[in-house]
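What follows is a set of notes on a single structure, which appears directly below.
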Amino acid sequence: MGALTANDLKPRGVSAVEDGLQHNDELVISVRGKERYVVMAIETYNRLRELELAAAVAEAKADYAAGRFHTDSVEDHIKRITDDL
């Protein structure tokens with residue numbers, strides 16, 4: 001993962017990001033010495049989103065298979081989740 005400081009980003013703008021992404025999939029932008037942001041190519045972002053969604057589907061399927069779900073009415077559902085607060 002590459003790194004870029006906010007001070008380097010200010011004068012160079014997008015060209016600094018493009019240069020950093022030529023050699024890395026992600027680029028960390030630090031502000032005052034602290035890592036604050038990650039920039040990546042849209043293709044990398046889309047791949048990560050697809051993996052995140054696939055993991056959510058797998059988790060939901062596992063919950064269903066294990067019986068971790070409810071079939072109550074909307075009113076009962078609202079009551080159950082507000083009682084948990």
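Fair warning: this is a prediction, and the values are worked out from it, not measured in the lab.
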Could you tell me which residues satisfy side chain to side chain contact (heavy atoms under 4.5 Å, CB included) with [X], sequence neighbours excluded, listed by chain and number?
X	answer
T82	I78
D83	K79
F69	Y64, T71

### Query
Residues in salt bridge (Lys or Arg N to Asp or Glu O under 4.0 Å) with R80, at least two apart?
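R80 satisfies salt bridge (Lys or Arg N to Asp or Glu O under 4.0 Å) with D72 once adjacent residues are dropped.
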
### Query
Residues two or more places apart in sequence or in another chain: which of them pass salt bridge (Lys or Arg N to Asp or Glu O under 4.0 Å) with D63?
R68

Can you give each donor-acceptor pair under 3.5 Å made by side-chain atoms of residues 4-25, sequence neighbours left out, with the distance rounded to 0.1 Å?
residue : atom : partner : partner atom : Å
T5      : OG1  : D8      : N            : 3.1
T5      : OG1  : D8      : OD2          : 3.1
R12     : NH2  : D19     : OD2          : 2.3
S15     : OG   : R12     : O            : 2.7
N24     : OD1  : G2      : N            : 3.4
N24     : ND2  : G20     : O            : 3.1

Extract all donor-acceptor atom pairs below 3.5 Å that involve side chains of residues 26-34 and protein atoms in other chains or at least two apart in sequence.
none

Quiz: residues 41-53 side-chain donor-acceptor pairs under 3.5 angstrom, not counting sequence neighbours:
residue : atom : partner : partner atom : Å
N46     : ND2  : I42     : O            : 3.3
R49     : NH1  : E52     : OE1          : 2.4

